[in-house]
4 protein chains.
Amino acid sequence: MAREKGAKGRESRLRLLHAAAKQFAIHGFHETKVSSIVAEAKLSQPAFYLYFESKDAVFEELVKLFHVRLTTVINESRLPEINSTDGVLNQLCHTLTLMFDYFYANPYLTRIGFHLAPQSQNMKQELVQWVEQMLSGEQRSGQFKSDFRMNMVAECLVGTIERIVFTQLLPGKVAPEQLALDIVNLYVSGIGMKQSKV
Amino acid sequence: MAREKGAKGRESRLRLLHAAAKQFAIHGFHETKVSSIVAEAKLSQPAFYLYFESKDAVFEELVKLFHVRLTTVINESRLPEINSTDGVLNQLCHTLTLMFDYFYANPYLTRIGFHLAPQSQNMKQELVQWVEQMLSGEQRSGQFKSDFRMNMVAECLVGTIERIVFTQLLPGKVAPEQLALDIVNLYVSGIGMKQSKV
Amino acid sequence: MAREKGAKGRESRLRLLHAAAKQFAIHGFHETKVSSIVAEAKLSQPAFYLYFESKDAVFEELVKLFHVRLTTVINESRLPEINSTDGVLNQLCHTLTLMFDYFYANPYLTRIGFHLAPQSQNMKQELVQWVEQMLSGEQRSGQFKSDFRMNMVAECLVGTIERIVFTQLLPGKVAPEQLALDIVNLYVSGIGMKQSKV
Amino acid sequence: MAREKGAKGRESRLRLLHAAAKQFAIHGFHETKVSSIVAEAKLSQPAFYLYFESKDAVFEELVKLFHVRLTTVINESRLPEINSTDGVLNQLCHTLTLMFDYFYANPYLTRIGFHLAPQSQNMKQELVQWVEQMLSGEQRSGQFKSDFRMNMVAECLVGTIERIVFTQLLPGKVAPEQLALDIVNLYVSGIGMKQSKV
DNA sequence: GATGAATGAGACTTCATTCAT
DNA sequence: TATGAATGAAGTCTCATTCAT
């Protein structure tokens, strides 16, 4: 046999993982039964417990997977350091684009890790901090208005990202790069013609 | 007897409704057991079914309650028609403030109707359309940049609102009015010093 | 007030009894809820227990009522003793007619006491014995064939009665007297033209 | 392993089916708890739902089983066509014998399908029609008295059958063939010595 | 590596019945 | 005489999980 030992098992495990991701994403954690996961994976229920501790465990694994990969995407998105406002905005836009690419390529995982999981709150919190740091630096260097609390802005941005991902990106309405561009533009300039102030 | 007829029953029903709201908000629909609702309301399980069809039914009722009240808040927030850009922004800010007041006064209901319920998607969609219409009018009158699709802006704004409500408003970090002001300001002017463009 | 003391209570009790009879007859014992009995009687649940020990108790009462009345009907149906075959057949026919009259006038009670109640078996057993005695006497006097076990004939007749009551009498398809006549005729002569024998 | 695949499951299912039949027959539908069925079958409650949709479903299955088998028995009881009165009576007697054989061999199923089930009314109705057709043909050919409505006779006969089955056959008091003979004889000739008429 | 068969634990719901007024 | 309000007890069903092969 050409296949190495253990290959079949790994495949079964993967099938289960994918099936679980799909079911969780579509039906949520509680509405997803182990029985429907294994049905989708064309395996039996005991097979499930051959590869995973429990239903909770697969969910955890998927969440972690999402988190790790997203972190990697973000970390690897760092552009060569260009210290200018445009640099920061470019960086933001670039990172957002890569994130969106990742989300778009992994819709089920995204719904799980960015929406369903309780830990998604922490992840979004991390994201907020990451954005905040970026913007704060620029703010201290005087390129951004100083009357905004950058933490607040970051929170707003993350909220925007979350919604846009699920209403525009995943349904395929707008391309990742376009979305990133639109969002950054909006947050930088606002919609007013002039520097209006309420 | 000082109390009017039917008062005790109405009170029990209310206690159950509040208990349910609290439990659902904190633990989610599935993790909330009828047994814990009645425990919180200091009643027995059958009492629950004296006032509600089923666990699903209370949830529905709470969602509807949230929706109806929120709609009322929004509808009654209309200021005397002032046809100016400032008018629109004032209106937006005013409505947001009232909404936030409502959310802040009803945190459990808000978490249920704005987050947990599947129907919350529709509600947010309605909100998006409402915002979009407001902004579109102004856009046509030339007060807002024409290069933004206002639907996109509205989506962004609603995403922002959702997150801000749960991370800033409900935990009591920022006052309703302040939040409304900050958000509108941000969306109108952006954070950039000048009309920067990525 | 013109009404004597206790009249209202007796009326309520009667209403409940009738309601119970109707519900039991239509839906059977288990499918009948105390709640539907009181609903039909336009009273509250505690009122039910004011007049009856339990759900079982009303059922019992109805069964007994049926039994007592039916027994009375049968006992009072005795014709002036005429010792002849025709006499016996007349007696049988007369009694059946009166029974059928009673059944027809009390359809709910009949369904309960003649069909639903476990005790209905005993009642039918009594009926069998009563018929058997009648026929046996005649048999000994040589008027009936001696090769039939009259107990068997009586069982057959009671079976016939039971079915005919529910399929012909209660639905009002055939009049009581006609039914009695038909049945007795059938059992006396059979359907064959001649004295055929299988 | 000597046993073929799936044998154990089929056995368990059968055990449950038998247990259910017994319990239903003895205690009726409502008094029979799933817990007592599985106790009798020496299985746990969930096992029951492994093989049946619900308590109602097993009952239905048993009723259908009874109906199908009884229909088969009746259909296969057809003798080679002998067009004579004796032929019809022989046929009737033969079919009754086979039916009684079937009932005697399946007492629980019989009680369920012929007595407890609401659908048993339809089955008995079918039986009435079958008997009626048989007798009517003979009546038209002049072998039977024309002053009986054969539908009425058929109703009487079916009533007789039902009672005799439960009071004589199932308790084992009289053999199937004897019962069939007795009943047919009775219905053909009646008990009178002569062609008496009330 | 995989599965047919089975189960422990627990959730929702119903209903006859009673308490307090 | 009557009822609004409440509950104890019990039953059906589901589901994650495991045993035995």
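Sequence lines set the chain letters: A, B, ... in the order given, protein chains first and strands last, and positions in each chain run from 1.
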Candidate nucleotides [options], ranked by approach to the side chain of [X] - the nearest:
X	options	result
Ser44(C)	dT3(F), dA9(F), dT12(F)	dT3(F)
Ser54(A)	dT17(F), dT17(E), dA6(E)	dT17(F)
Tyr49(B)	dT7(E), dC13(F), dC12(E)	dC12(E)
Lys33(B)	dA9(F), dT7(E), dA11(E)	dA11(E)
Leu43(A)	dG8(E), dT3(E), dA11(E)	dT3(E)

State the NE2-CD distance between His67(A) and Glu126(A), to the nearest 0.5 angstrom. 3.5 Å
Nearest 0.5 Å please: distance from the CD atom of Gln125(B) over to the CD atom of Gln121(B). 9.0 Å
Any base atoms under 4.0 Å from [X], or only sugar-phosphate, or nothing? Heavy atoms, all strands.
X	result
Leu50(A)	base
Ser36(D)	nothing
Tyr51(C)	sugar-phosphate

Between Ala47(C) and Pro46(A), who's closer to the 5' end of DNA chain F by nearest nucleotide? Ala47(C)
On DNA chain F, compare the nucleotides closest to Ser35(D) and Gly6(B); which residue's is nearer the 5' end? Gly6(B)
Should Gln23(B) and Tyr108(B) count as side-chain neighbours, where that means a heavy-atom distance under 4.5 Å? no
Does Arg69(B) reach the side chain of Asn106(B), with side-chain heavy atoms less than 4.5 Å apart? yes
May I have the distance from [X] (atom [atom1]) to [N] (atom [atom2]), rounded to whole angstrom?
X	N	atom1	atom2	result
Asp56(B)	dC12(E)	CG	P	10 Å
Arg10(A)	dA2(E)	CZ	C1'	17 Å
Glu31(B)	dC12(E)	CD	C1'	16 Å
His30(B)	dA16(F)	NE2	P	11 Å
Lys55(A)	dT18(F)	NZ	P	15 Å
Phe59(A)	dT17(F)	CZ	C1'	19 Å
Phe29(B)	dA11(E)	CZ	C1'	12 Å
Phe52(B)	dC12(E)	CZ	C1'	16 Å

How would DNA chain E look in dot-bracket form, 5' to 3', counting Watson-Crick and G-U wobble pairs with both distances under 3.5 Å and writing | for bases paired to another strand? .||||||||||||||||||||
Distance below 4.0 Å between Lys8(D) side-chain N/O and dA5(E) OP1 or OP2: no
On the nucleotide dA5(F), are OP1 or OP2 found under 4.0 Å from the side-chain N or O atoms that Lys5(B) carries? no
When the ring planes of Phe66(B) and Phe103(B) are compared, do they come out parallel, tilted or perpendicular, using 30° and 60° as the limits? parallel
Report yes or no: do His18(B) and Glu40(B) form a side-chain donor-acceptor pair below 3.5 Å? no
Side-chain donor-acceptor pair under 3.5 Å between His30(B) and Glu31(A), yes or no? yes
Lys55(D) charged N/C atom sitting above Phe29(D) aromatic ring, 6.0 Å / 45°: yes
5' precedence on DNA chain E between Gln45(C) and Gln45(A) (nearest-nucleotide basis): Gln45(A)
